[in-house]
Amino acid sequence: PAPAAAPAPAVPRRSQFHLGQDDPALRDRARAAGFVDVVSWHVPCAWPRGVGGARPAGRHFAESWLGSQLSSLELRATLTETQWGRVVDALAAAAQEIFDGGAPVLCDVVVVVARKPAAAPPEPPRSP
């Protein structure tokens, strides 16, 4: 019998930060992909104290935030439960301090807006 074909490599999971923090380079990548009128800017994404219901706001923020970050999930896989608990506790305490000061936790979001021109329609056939 013929040897079995090697399985296709798994698609690597990537960080949500894979585009980097270089805004001019990000805009250049969009232009290189055929986009025009490319602009980008940063906006804060606010996590207000009231989100989370009955649980302490700092704890809820830490659990939600860490549970949604690929890099955090990868880190968790390398730690013991005790070590991971310390990470959650530290972030919860930092977030709670911000909330107790009357402010929301702010996360940075990059917005990119661009336009991709439509392909030109084919020219009609010419009459002889």
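Any value given below was found using the heavy atoms of this structure, including those in side chains, with hydrogens, waters and symmetry copies removed. None of the values given here were measured: they were computed from a predicted structure. If you read the sequence from its start, that first residue is 1, and numbering goes on from there.
Looking at heavy atoms from C-beta onward, P48 lies out of side-chain contact with F99 at the 4.5 angstrom threshold. Contact annotation: the side chain of W84 approaches that of L75 to within less than 4.5 Å [non-hydrogen atoms, C-beta and beyond].
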Please tabulate, for the side chains in residues 31-40, all donor-acceptor contacts under 3.5 angstrom to protein atoms that are two or more places apart in sequence or on a different chain.
unit_1, atom_1, unit_2, atom_2, d
R31, NH1, D28, OD1, 3.0
D37, OD2, R115, NE, 3.1
D37, OD2, R115, NH2, 2.8
S40, OG, R27, NH1, 2.6

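Within the structure, every pair that satisfies the salt bridge (Lys or Arg N to Asp or Glu O under 4.0 Å) test and touches residues 82-96, not counting sequence neighbours, is listed here: R59-D89. Counting only residues at least two apart or in different chains, salt bridge (Lys or Arg N to Asp or Glu O under 4.0 Å) contacts with residues 119-128 comprise E123-R126.
Summarising the geometry of G58 relative to A95, their closest heavy-atom pair is CA-CB, 4.0 Å, with the distance given to 0.1 Å.
Qualifying side chain to side chain contact (heavy atoms under 4.5 Å, CB included) partners for I98, counting only residues two or more places apart in sequence or in other chains: A103, V105. Residues satisfying the side-chain hydrogen bond (donor to acceptor under 3.5 Å, both in side chains) criterion with T78, sequence neighbours excluded, are absent altogether. Residues forming a side chain to side chain contact (heavy atoms under 4.5 Å, CB included) with A46 (at least two apart in sequence, or on another chain): P104, L106. Residues satisfying the side chain to side chain contact (heavy atoms under 4.5 Å, CB included) criterion with E97, sequence neighbours excluded, are absent altogether.
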- Message: Before you tell me yes or no, could you show the steps for Q83 and R76 under side-chain contact (heavy atoms from CB on, under 4.5 Å), namely the whole-Å CA-CA distance, both residues' side-chain angles and the distance that decides it to 0.1 Å?
- Response: CA-CA 9 Å; Q83 291 169 324; R76 183 177 189 168; over 6 Å; no

- Query: Hey, mind stepping through H42 and D23 against side-chain contact (heavy atoms from CB on, under 4.5 Å) and telling me if it holds?
  - Reply: CA-CA 10 Å; H42 292 249; D23 289 359; 2.5 Å; yes

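A single hydrophobic cluster is seen to contain both L79 and L66, as judged by linkage of ILVMFWY side chains at heavy-atom distances under 4.5 Å, directly or through other members.
A perpendicular orientation is assigned to the rings of W47 and F61, their planes being inclined by more than 60° (bins at 30° and 60°).
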